[in-house]
Amino acid sequence: MNYFTSNDYLVFDTGTPIVGRPMPDSGGEPCPFSLSPADLAFFRQLVVEALGQAKTKGEAAVLRRMANRLAVVDGNALTSNTDGYGCADLKLEDWKRRRTRFDPLANVR
C-alpha cells in the first residue's frame, strides 16, 4: 500500500504488473482485483501500529490521513493506477475530475 500525499489517494500494489496494464495517462479503469474486508482490516491495523511509532507531526498527519481514507475504502470499487502496478482507492468520477483539473485538453475533442 502506498499513499500519494500530493494527490491524496491510496494505491494497493500487487507487486507485479497487471496484465494489460493501462498506459500512464489512463488511470481510472475498473481494477482487476478487489480487497476483502479482512485485507482492509489488515491495512488499517498496520496504519494504527505505524501511527504509534510516528516520530514527527508530519508522519502522524500522513498516517492519520491514510487511516481516514482506509475507513471509507470500498475494496470492490478500486480503480487502476497510472503506473500499471496497483489500484487506487479513487472512484471513476474522481479520475475524471482529476483529468479535467490537471489536463487542459481533457475536454477538447
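Quick caveat, the model's predicted, so the values are computed rather than measured.
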Review point. Given side chains that start at C-beta, do those of Leu46 and Met1 come closer than 4.5 Å, heavy atoms only?
Key: no
Review point. Any side-chain donor-acceptor pair under 3.5 Å between Glu49 and Gln45?
Key: yes
Point to revise | Test ring pair (Phe, Tyr, Trp, His ring centres under 6.0 Å) applied to Phe43 - qualifying residues, sequence neighbours left out | key: Phe12
Check your understanding: Do Asp89 and Asp94 touch side chain to side chain, with heavy atoms closer than 4.5 Å?
Key -> no
Review point. side-chain contact (heavy atoms from CB on, under 4.5 Å) between Lys57 and Val62: does it pass, once the steps are laid out?
Key: CA-CA 9 Å; Lys57 290 180 183 178; Val62 167; over 6 Å; no
Review point. About how many Å separate CG of Leu90 and SG of Cys31, when rounded to the nearest 0.5 Å?
Key: 12.0 Å
Point to revise | Nearest heavy-atom neighbours spanning Lys91 and Thr79 | key: C-CG2, 4.0 Å
Practice item. Would you mind reporting whether Arg69 and Asp8 have side-chain heavy atoms less than 4.5 Å apart? Key: yes
Check your understanding: Going from CG on Asn2 to OH on Tyr9, what distance comes out if it is rounded to the nearest 0.5 angstrom?
Key -> 9.5 Å
Point to revise | Side chains of Cys87 and Pro30 in contact at under 4.5 Å (non-hydrogen atoms) | key: no
Exercise for review: Look at the side-chain heavy atoms of Ile, Leu, Val, Met, Phe, Trp and Tyr, link any pair under 4.5 Å apart, and say whether Val48 and Leu63 land in one connected group.
Suggested key: no
Point to revise | Ser34 side chain reached by Asn76 side chain, heavy atoms, under 4.5 Å | key: yes
